[in-house]
Amino acid sequence: FDPARAALVELGYERRQESVHANERASYHEVWIGGAGRATNVELHHTLDLVPAPPAAVWAHLSRDAGAVAVADARVAVPSEAARALIVALQCAQHGARDSLHVHDLELALERLPFEIWLRAARIARAIGADAAFATGLRLGSGGGRLATRLELPMSASRLVRLRAT
């Protein structure tokens, strides 16, 4: 993460953690605030929230079959379509049903992605111990409950996951 932090500093970003109360800090990522007229913030993730597997295992699974996109003058690795589908559902579980942005993203993914992608996403979720959180997130979208059942995902989740998803 040190090279990523150095690049953010070079681009004028500042780490937000110093201005956040200790009980509000997330252990899974750092937030960097854009400086010098930059309107965007960057979340530098060590792992994903609600995922119990060690960070190295999470990244090994999320980076498998990665693709690339052009950003400015560089090619940047991006997770596979299945890993992105998993991330969309986990974001819903993390932020809850009232977060319209994440639920909207899930709705689009549910409409557009074929079953095979969701099946691969479920395999990744199981491998990193996030199948219950994945199922909970899916169930926040229209048709997501049927998909979770078809994927044979758990019907229940931990109290933490259930609480976060409300």
Side-chain angles (χ1 to χ4, degrees), residues 1 3-5 8 16 24-32 40-71 74-166:
F1 279 55
R5 288 180 180 127
L8 289 169
R16 179 173 175 243
E24 295 175 333
R25 292 185 187 138
S27 61
Y28 57 90
H29 79 304
E30 302 170 359
V31 176
W32 290 74
T40 59
N41 296 335
V42 173
E43 290 185 4
L44 185 58
H45 280 255
H46 304 282
T47 189
L48 298 175
D49 196 18
L50 305 177
V51 177
V58 173
W59 291 118
H61 287 283
L62 292 180
S63 62
R64 188 172 294 137
D65 301 321
V69 296
V71 176
R75 299 284 295 163
V76 178
V78 295
S80 69
E81 204 169 23
R84 293 192 312 263
L86 170 61
I87 291 166
V88 166
L90 289 176
Q91 287 283 298
C92 277
Q94 174 188 350
H95 293 284
R98 289 176 257 162
D99 186 319
S100 61
L101 175 65
H102 289 100
V103 172
H104 176 72
D105 289 346
L106 176 64
E107 296 282 352
L108 291 175
L110 287 167
E111 289 173 14
R112 296 175 181 177
L113 297 177
F115 179 75
E116 178 58 34
I117 296 297
W118 292 109
L119 185 59
R120 291 195 322 238
R123 287 182 189 132
I124 298 168
R126 286 183 183 100
I128 61 176
D131 49 338
F134 177 55
T136 300
L138 280 178
R139 290 187 176 99
L140 296 178
S142 300
R146 286 187 305 278
L147 177 61
T149 299
R150 190 171 172 203
L151 294 169
E152 300 179 357
L153 292 169
M155 291 297 297
S156 63
S158 70
R159 284 186 190 157
L160 174 64
V161 171
R162 292 191 321 264
L163 179 64
R164 298 286 291 280
T166 59

Next item on the list: For the pair L86 and I128, evaluate side-chain contact (heavy atoms from CB on, under 4.5 Å) and give the outcome as yes or no after the intermediate values.
Entry: CA-CA 11 Å; L86 170 61; I128 61 176; 4.0 Å; yes
Which heavy atom of [X] sits nearest a heavy atom of [Y], and at what distance?
X: A93; Y: A133; answer: CB-O, 3.4 Å
X: H102; Y: C92; answer: O-SG, 3.2 Å
X: A83; Y: P79; answer: CB-CB, 3.6 Å
X: A130; Y: P52; answer: N-CD, 4.4 Å
X: V78; Y: A68; answer: CG2-N, 4.0 Å

Could you grab the distance from atom [atom1] of [X] to atom [atom2] of [Y], nearest 0.5 Å is fine?
X: Q94; Y: T136; atom1: CD; atom2: OG1; answer: 13.0 Å
X: I87; Y: L106; atom1: CD1; atom2: CG; answer: 13.5 Å
X: S156; Y: R162; atom1: OG; atom2: CZ; answer: 7.0 Å
X: L160; Y: D49; atom1: CG; atom2: CG; answer: 7.0 Å

Next item on the list: Run the numbers on V103 and R98 for side-chain contact (heavy atoms from CB on, under 4.5 Å), then give the verdict.
Entry: CA-CA 8 Å; V103 172; R98 289 176 257 162; over 6 Å; no
Check: Could you walk me through whether S142 and E107 pass the side-chain contact (heavy atoms from CB on, under 4.5 Å) check?
Finding: CA-CA 7 Å; S142 300; E107 296 282 352; 3.3 Å; yes
List the atom pairs, donor and acceptor, that lie under 3.5 Å between side-chain atoms in residues 110-126 and the rest of the protein, sequence neighbours left out.
unit_1: W118; atom_1: NE1; unit_2: L113; atom_2: O; d: 3.4
unit_1: R126; atom_1: NH2; unit_2: L151; atom_2: O; d: 2.6
unit_1: R126; atom_1: NH2; unit_2: E152; atom_2: O; d: 3.2

Margin query: Counting neighbours of CZ on R5 that are heavy atoms of other residues, nucleotides or ligands and sit closer than 6.0 Å, is the number greater than 12?
Written below: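 Atom CZ in R5 is packed in, count exceeds 12.
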Next item on the list: Kindly write out the residues that satisfy side chain to side chain donor-acceptor pair (under 3.5 Å) with E81, not counting sequence neighbours, or none if the list is empty.
Entry: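 Once residues adjacent in sequence are excluded, E81 has no partner under the side chain to side chain donor-acceptor pair (under 3.5 Å) criterion.
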Next item on the list: Just do the side-chain contact (heavy atoms from CB on, under 4.5 Å) check on L50 and R164 with the steps written out, would you?
Entry: CA-CA 9 Å; L50 305 177; R164 298 286 291 280; 4.1 Å; yes
Item checked: Exam field: side chain W59 to backbone H46, donor-acceptor pair closer than 3.5 Å ->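 Yes, the answer is positive, given that a donor and an acceptor are paired below the 3.5 Å cut-off.
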